[in-house]
Amino acid sequence: VRKHAERKPDKGTKQGGVELRDRLDRGRLTAGGESHPVPGGMIETAENLRRQYGISRDEQDELAVESHLRAVRAQKDWGRRSARERGIPIWTEPQLHVAAMKAMKIKKFLGVSYSALQIGIVLDYMKDTGLECVTMKPLEVPFEDVGQISTEAVYAFTKKLWLQNPGADGIYVHGGGWQTVKVVELLERDLQVPVVHAQACNAWMIHKQLMVRETMPGYGRLLAELP
């Protein structure tokens, strides 16, 4: 849970004292550790590989797509098999996102991301989930600048896309690299539809599996209601 949330102060607080924070700034400082720091953090790893080893960004993108597609093909069987062997539930990130959307009664979603490449992978996975995508578009910036996209920019882009593409009953904000924590409740309030964002899905499922009903208002209905 600490990946997605921190308690203030560090020694803990009473129930209801959890605050979600985006962790990109800390990731830039800690990536690689003290002995093997990554210049600029893991967010800039692709550019470091291009510069230091001559592996082009296009080659890295092709490998990433193939890797994700292999994962999509394998994860259902792997998850079921691993769950049986270990006797515990095992979830992959895409499964969490789909489960969260279904828990929020979303059947047709409008999606936003910061990567056209990732959108192709997402839509390929969604084909067999029973969810219908009205449209999904990227707010594209250089990957190293994803963490600098403002809350206002995410809100404006998503709201404009929503108004231009009626028919969805929920919004899916894909990707953990940008600042989405604060924008979710704004979109839900103004558009009157549930919004599922990647950063909250892990925390939501952990609560469900541990049967903990510690709701967290302020971060969207998924964590405020724990459906």
Side-chain angles (χ1 to χ4, degrees), residues 4-5 16 18-24 91 93-141 143 145-208 213-227:
H4 302 280
V18 175
E19 178 180 343
L20 290 186
R21 297 177 179 176
D22 290 296
R23 303 301 300 276
L24 294 176
W91 297 80
E93 289 281 345
Q95 288 174 325
L96 288 177
H97 301 172
V98 170
M101 282 196 276
K102 290 185 175 181
M104 297 304 297
K105 310 299 183 185
I106 297 174
K107 296 180 180 179
K108 296 181 179 181
F109 70 91
L110 177 143
V112 295
S113 179
Y114 47 76
S115 168
L117 179 69
Q118 291 291 325
I119 286 177
I121 297 169
V122 169
L123 295 181
D124 186 71
Y125 178 82
M126 292 292 184
K127 290 177 182 177
D128 299 323
T129 64
L131 298 173
E132 179 181 342
C133 179
V134 173
T135 189
M136 188 168 184
K137 300 293 183 181
L139 198 172
E140 286 212 80
V141 299
F143 189 71
D145 296 332
V146 165
Q148 306 307 314
I149 301 174
S150 68
T151 297
E152 292 79 10
V154 178
Y155 173 89
F157 178 77
T158 306
K159 185 175 182 179
K160 181 179 180 181
L161 193 64
W162 173 267
L163 295 174
Q164 292 174 340
N165 297 273
D169 49 25
I171 295 172
Y172 172 45
V173 182
H174 172 266
W178 53 358
Q179 303 180 51
T180 58
V181 169
K182 295 180 181 179
V183 76
V184 171
E185 194 160 66
L186 292 175
L187 289 169
E188 289 187 333
R189 181 197 65 194
D190 291 350
L191 302 181
Q192 293 294 296
V193 292
V195 178
V196 170
H197 64 118
Q199 292 177 318
C201 290
N202 283 4
W204 167 73
M205 184 55 72
I206 290 171
H207 277 75
K208 286 183 65 68
R213 294 290 304 176
E214 185 177 353
T215 58
M216 291 185 283
Y219 304 106
R221 287 174 52 190
L222 184 66
L223 295 181
E225 301 172 7
L226 296 177

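Atoms considered below: every heavy atom in the structure, side chains included; atoms not considered: hydrogens, waters and symmetry mates.
- Between Ala103 and Pro227, the shortest heavy-atom contact is O-CB, 3.8 Å.
- Between the side chain of Glu132 and the backbone N or O of Lys108, no donor-acceptor pair lies under 3.5 Å.
- Judged by distance alone, the side chain of Gln192 and the main-chain N or O of Arg189 form a donor-acceptor pair under 3.5 Å.
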Could you go through Tyr219 and Val181, starting from their C-alpha distance and side-chain angles, then the distance that decides it, and tell me whether this counts as side-chain contact (heavy atoms from CB on, under 4.5 Å)?
CA-CA 6 Å; Tyr219 304 106; Val181 169; 3.3 Å; yes
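- Interatomic distance, Thr158 OG1 to Ile171 CD1, rounded to the nearest 0.5 Å: 6.5 Å.
- Atom CG of Asp145 is separated from atom OH of Tyr114 by 13.0 Å, given to the nearest 0.5 angstrom.
- Here the shortest heavy-atom pairing between Val154 and Gln179 reads CG2-O, 4.3 Å.
- Residues meeting the side-chain hydrogen bond (donor to acceptor under 3.5 Å, both in side chains) test with Asp190, sequence neighbours left out: Tyr155.
- Looking at every heavy atom in both residues, Leu96 comes nearest to Trp204 through O-CZ3, 4.1 Å.
- Using the six-membered ring where Trp is involved, Tyr172 and Phe109 have ring planes that are perpendicular, over 60° apart on the 30 and 60° scheme.
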Hey, mind stepping through Leu226 and Glu214 against side-chain contact (heavy atoms from CB on, under 4.5 Å) and telling me if it holds?
CA-CA 8 Å; Leu226 296 177; Glu214 185 177 353; 5.6 Å; no
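- Under a 3.5 Å cut-off, the side chain of Lys105 and the backbone N or O of Asp169 do not form any donor-acceptor pair.
- Residues Ser113 and Gln118 share a closest heavy-atom pair of OG-CB, 4.4 Å.
- Among residue pairs with one or both ends in residues 215-227, those qualifying as salt bridge (Lys or Arg N to Asp or Glu O under 4.0 Å) are Arg221-Glu225; sequence neighbours excluded.
- Atom CE of Met101 is separated from atom CG of Leu222 by 11.0 Å, given to the nearest 0.5 angstrom.
- Pairing each heavy atom of Pro194 with each of Ile106, the nearest pair is CG-CG1, 3.8 Å.
- Considering all non-hydrogen atoms of both residues, Pro138 and Ala116 come closest at CB-N, 3.7 Å.
- Residues Trp178 and Val183 fail the side-chain proximity criterion, which asks for heavy atoms closer than 4.5 Å.
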Applying side-chain contact (heavy atoms from CB on, under 4.5 Å) to Lys137 and Gln164, what does each step give before you reach the verdict?
CA-CA 12 Å; Lys137 300 293 183 181; Gln164 292 174 340; over 6 Å; no
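- For Ser115, there are no side-chain hydrogen bond (donor to acceptor under 3.5 Å, both in side chains) partners two or more places apart in sequence or in a different chain.
- One finds the CD1 atom of Ile149 at 5.0 Å from the CG atom of Leu139 (value rounded to the nearest 0.5 Å).
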Report the C-alpha separation of Met136 and Met126 in whole Å, then their side-chain angles, then the decisive distance to 0.1 Å, and conclude whether the side-chain contact (heavy atoms from CB on, under 4.5 Å) test is met.
CA-CA 12 Å; Met136 188 168 184; Met126 292 292 184; over 6 Å; no
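- Under the 4.5 Å side-chain criterion, counting only non-hydrogen atoms from C-beta, Leu131 is in contact with Lys102.
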